[in-house]
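Heads up, the thing below is written out as structure tokens.
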Amino acid sequence: MDLIPKVYVPSESEQRWYEQWQRDNAFASSPSSRQPYSILMPPPNVTGILHFGHVLNVTLQDIYIRWKRLQGAESCWFPGMDHAGIATQTKVEQELKSEGKTRYDLGREAFIERTWEWKKKYGGVIDQQLRTLGASCDWDRSLFTMDASASRAVQHVFIELFDEGLIYRGKRIVNWSPVAQSALSDEEVVFREVHEQIYTMRYHLEDGSGTMLVATVRPETIFADVALAVNPNDERYTHLIGKSVIIPLRNTPIPIIADEYADPTFGTGVVKITPAHDPNDFIVGTRHNLPMPSCINPDATLNDMAGEFAGLDRFVARKRVVKALEANELLEKSEPYTHNVGFSERGDEAIEPFLSDQWFVRMESLAAPALKAVQSGDVKLHPEHWIKTYEHWMSNIRDWCISRQLWWGHRIPVYYTMDGTGFTAAASEDEARKKLNLGADVQLRQDNDVLDTWFSAWLWPLTTMGWDGTPESGKEIRDFYLPTNLLVTGPDIIFFWVARMIMATLKFDVKKRVPFTDVYFTSIIRDSKGRKLSKSLGNSPDPIGVIDRYGADAVRFTMIYLAPLGTDVRLDVDEKTQDIPSMELGRNFANKIWNVARFLQMKKSEQRDAEVRSDQEIANAILRLQYDATWLKYRYEGVYKDIKAALDDFRITEYSKLLHEFIWIDYCSIYVEKLKINLEFLEDQNERAKYLEFAFSIMENLLILLHPVMPFITEELWHGLFSKPTDVSIGNSTPHASVPTPDEGIEERYHTTGQAVLLAVVESVRRMRSELNISPSIKLPVVLEADGDVVEFLALHIPVIMSMTRANSVSINIDPPLGKYTTQVVRGVNIALEVGGTIDVEKERERLTKEIERLQVLVRGVSAKLSNEGFVAKAKPEVVEAERKKLSDWTQTIETLQRNMDAMASTPQ
RNA sequence: GGGCGCUUAGCUCAGCUGGUUCAGAGCACCUGCCUUACAAGCAGGGGGUCGGGGGUUCAAAUCCCUCAGCGCCCACCA
């Protein structure tokens, strides 16, 4: 057999295996007789590139997909890409800008054409990056949200909701982005604290009988004022209700009205009503049937209503207006003021509340069943505390503004008569005519707007499975994979996407299924200062660069090792080098696995010179190997169970920790170290092979268990160690819950206690040596004093103890120990290390005294507990028993230590 | 204003339904080792009254109340 190379080079191996997997169609899945398991990948934006949020997200999904595949499920991971309306259009417009053009120069059709070209050229970089990371998606099922079938589904859904009256058109105040020149949904707006000025203006009464003081932060909107409102119970102003005031600078009269909205305790108690530029004023305006003029254009400049200020940007206009007010003695005062202002999540500009015609979805009837699905547990959220947030949003749901004044997206399938009086939603102009009972010669025009990107995303569970609106489309796929088993995503899009997918799938799936049964909300990745990773802060290294340095396996492993469910992850990002040093954790682990594999392989091919060993020595070594195999088997079985449970409960960090600890400590540091020692006594190749085979069989299972998180190195080693054909993947094998030992029927009585005592003894001797600064090259005699069962086991392991503690002799229960010893008592074993003339008797005495005192404190504690009647009466019997055992163990230990001290006193110096 | 979460070693975090020497891991730090699988390693070590206070209990890092600090979500007062 060829030995695996001395050093593992992740980059080479990783690329090679991913290509192999693709050649073998290793991730393809289709309905079969096997148990289905499926995950929908949150479609990355077509403009997107991989960041560490994705790395965590994708790794988690891949772990489950691969894990279930190992368990024999028909595992399918549906990938895809989102057309990302605003983001993509912005990219292309920027490109145009550099050519000195705007989208209007091209016109709608050419612009869309150009965007498709952009997509072809630059879009989907992330697709390739996901492969680098090792994502085992069924790439043949990849869907783009603007693909024909998905577009048909979007159209179908729109028309159906329209016909049901759940989609309506209305003139409303919406969140307007002056940069994108489009409406945004409430979810796309983020509020930020802003320090501005609040201005108190004078509105003169029309009859000249006085002045009203009104505070505002937006004096530039006064031109669209339609009223002043006072609280009907505000005695200061009741006599003025019904009178009129003059709008400053505009000299137009507006009425003073009474409305509860005016808060007498705020400012002057008088509020100006500007329905076109403030959502609350809009409500008041509607209530009082007031006109709703706008003085601001879609690009946030003032219009003609603003007279001399027309054409100025809103913020420039504000300053000018204030100046003008001052000049005309219309400004009472100006004070600093801090309040929240909405900003576009994407473009970072202040949102302009804007009165316009938009399309909305009535959410109430859609939300009700979706709320129930979560409350009933049909859809389970992890961590559970998100349920509260979900409930709150769903029970206070507001209508969803779905129209966007963009060109890139699904165009709204609504057709209008040329005079605009008649309109309907339809799949084509022809159909619209039919629905409107119009003749074939009547011309119609289609709505100019496109739909919110999330309007296609909420259909993801259906469209990825081939649904295009017709009942039969994708039926076979949906009947097999739906509901999908798991959705992994960030909690930031719980409303944007998760909730809406539940609504849409319950509504439009023929069988009214939920889209998924479990949702795992991932952590947010932050830097060491707690800031979110972001390009602009420079604290977001390119994952591909980090993967180049450490390997994809290492990055994957480290991420889940550090990212427990529900809490944020902090990474030690080095901004200068764009490095994340903690990735060493995963890299070192990979290195460890690689090396132990290499070691076992070396042992296997090792040629033995015949050494002279007595039959007894050989028999003892075999007995030790048998005990160790039994011990490892039980440890393995326990870990296997724990891993399975951890993954079932979404304790993903636990999964990685279990493997890390078992492989590093139990397998490498304990089992293989002892194997190394014991094999020295065996020359018979068959006999050696037997125990090496066992080590390999555990190793194979560990590789399989590790495969979901470290797919590449496990594949590499699996082939390297077990000579598997290239086109067979570890991803299709199965980890065993139990592994047979080479010799069945071996006594199990030592497999926990014996090993524990043995290891404790070894540790104890090492500690004594270390504390006395004894060089590793010096070999010293060890004397053990023990009784009971364990004596036999320790005696059997003398060669192991010698090797592990660098002892030149180990004697058990010889008496009395002569010479100069340092001693410790561990698990009932009195351990003495002979250090000859180097011992400091005073120091040793001090140490023993201290240890005895420490134990006496513990004994007092336990005694008190045991003499407490309440404890003895009420605690579980096994707990009481355990305390009694502690008491007797510690008492015994104290006695032994005391004896050691006395012996030391009588030892000649 | 409403809701949710977090606070355990210098740092990042585990500790599930209270009880096994339960106060842990990784990193960092200190000491000693290039012991032919691994210095990306091995052996050993120091360091925390589990945010403060109160309560329930025989028993609290764990359950309850309260206070403080931090963070997130929702709603947004001119």
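Protein chains get the first letters and strands the later ones, always in sequence-line order, with residue 1 at the start of each.
- Listed by chain and residue number, A:N591, A:R598 satisfy the side-chain hydrogen bond (donor to acceptor under 3.5 Å, both in side chains) test with A:N595 (two or more places apart in sequence, or in another chain).
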message: Can you give me the dot-bracket string for RNA chain B, 5' to 3', counting Watson-Crick and G-U wobble pairs with both distances under 3.5 Å, using [ ] for crossing pairs and | for partners on another strand?
response: (((((((..((((.....[....)))).(((((.......))))).....(((((..]....))))))))))))....

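- Between the CD atom of A:E384 and the P atom of B:C16 there is a distance of 15 Å, given to the nearest Å.
- Nearest-nucleotide positions on RNA chain B place A:I665 closer to the 5' end than the other of A:I665 and A:C668.
- Between the CG atom of A:L381 and the C1' atom of B:G5 there is a distance of 15 Å, given to the nearest Å.
- Annotation: B:A23 and B:A61 have their C1' atoms spaced 8 Å apart (nearest Å).
- Rounded to whole Å, atom C1' of B:C13 lies 13 Å from atom CG of A:D572.
- Taking the side chain as every heavy atom from C-beta outward, A:L331 and A:T200 never approach each other to under 4.5 Å.
- When the side-chain hydrogen bond (donor to acceptor under 3.5 Å, both in side chains) test is applied to A:R651, the partners found at least two apart in sequence or on another chain are A:D649.
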Under 3.5 Å, which N/O atoms of the protein pair with N/O atoms of nucleotides 18-25 of chain B?
from: B:U21; atom 1: OP2; to: A:K886; atom 2: NZ; distance (Å): 3.1
from: B:U21; atom 1: N3; to: A:W890; atom 2: NE1; distance (Å): 3.4

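- Spacing of P atoms, B:U7 relative to B:C63, comes out at 11 Å, to the nearest Å.
- A:F343 carries A:R192 over the face of its six-membered ring, with the cationic atom under 6.0 Å from the centre and within 45° of the normal.
- The residue A:L585 sits close only to the backbone: its heavy atoms come under 4.0 Å of sugar-phosphate atoms, none of a base.
- For the pair A:L721 CG and B:A37 P, the interatomic distance rounds to 16 Å; values are reported in whole Å.
- Annotation: salt bridge (Lys or Arg N to Asp or Glu O under 4.0 Å) contacts involving residues 850-863 of chain A, sequence neighbours excluded, comprise A:E851-A:R854.
- Residues forming a side chain to side chain contact (heavy atoms under 4.5 Å, CB included) with A:V826 (at least two apart in sequence, or on another chain): A:A760, A:S764, A:I831.
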message: One character per nucleotide, please: for nucleotides 70-78 of chain B, 5' to 3', B when the base has a protein heavy atom closer than 4.0 Å, S when only the sugar-phosphate does, - otherwise.
response: ---SS-BBB

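- No contact: A:E193 has no heavy atom under 4.0 Å from any strand.
- Geometrically, A:K676 engages A:F599 in a cation-pi contact defined by less than 6.0 Å to the ring centre and at most 45° from the axis.
- When the C1' atom of B:G26 is taken as reference, atom CG of A:L659 falls 16 Å away, rounded to whole Å.
- No donor-acceptor pair closer than 3.5 Å links the side chain of A:R526 to the backbone N or O of A:V569.
- Between A:D649 atom CG and B:A14 atom C1' there is a gap of 15 Å when expressed in whole angstrom units.
- Between A:K388 and B:G3, a side-chain N or O to OP1/OP2 separation shorter than 4.0 Å is absent.
- Using a 3.5 Å distance cut-off with no hydrogens or angles, the side chains of A:H339 and A:E193 do not pair a donor with an acceptor.
- Separating the C1' atom of B:G48 from that of B:C34 is a span of 35 Å, rounded to the nearest Å.
- Between A:F589 and A:H660, the ring planes lie tilted relative to each other; the angle falls in the 30° to 60° range.
- A:K676 comes within contact range of at least one nucleobase, with a heavy-atom separation under 4.0 Å.
- Within 4.0 Å (heavy atoms only), A:R806 reaches at least one base atom of the nucleic acid.
- Of the P atoms belonging to B:G45 and B:C70, the separation is 39 Å, rounded to the nearest Å.
- With sequence neighbours excluded, the residues satisfying salt bridge (charged side-chain N to carboxylate O under 4.0 Å, His left out) with A:R314 are A:E352.
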message: Strictly under 4.0 angstrom, non-hydrogen atoms only: write out the protein contact profile of nucleotides 40-47 of chain B, one letter per nucleotide from the 5' end, B, S or -.
response: BSSSSS--

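- Comparing B:G15 with B:G26, their C1' atoms are spaced 15 Å from each other, to the whole Å.
- With sequence neighbours left out, the side-chain hydrogen bond (donor to acceptor under 3.5 Å, both in side chains) criterion links A:E883 to A:K886.
- Both tests hold for A:K657 against A:Y561: distance to the six-membered ring centre under 6.0 Å, angle to the ring axis within 45°.
- With sequence neighbours excluded, no residue forms a salt bridge (charged side-chain N to carboxylate O under 4.0 Å, His left out) with A:R769.
- Nucleotide B:U31 holds its P atom 18 Å from the CG atom of A:L772, rounded to whole Å.
- If you take atom C1' in B:G3 and the same atom in B:A78, they sit 26 Å apart, rounded to whole Å.
- Separation of the C1' atoms belonging to B:A43 and B:U35 is 10 Å when rounded to the nearest angstrom.
- The ring-ring contact (aromatic ring centres under 6.0 Å, His included) test applied to A:H288 returns no partner, not counting sequence neighbours.
- Rounded to an integer number of Å, the gap from A:R598 CZ to B:U36 C1' is 10 Å.
- The P atoms of B:G55 and B:C74 are separated by 40 Å, rounded to the nearest whole Å.
- A donor atom on one side chain and an acceptor atom on the other are not found under 3.5 Å apart for A:R218 and A:T274.
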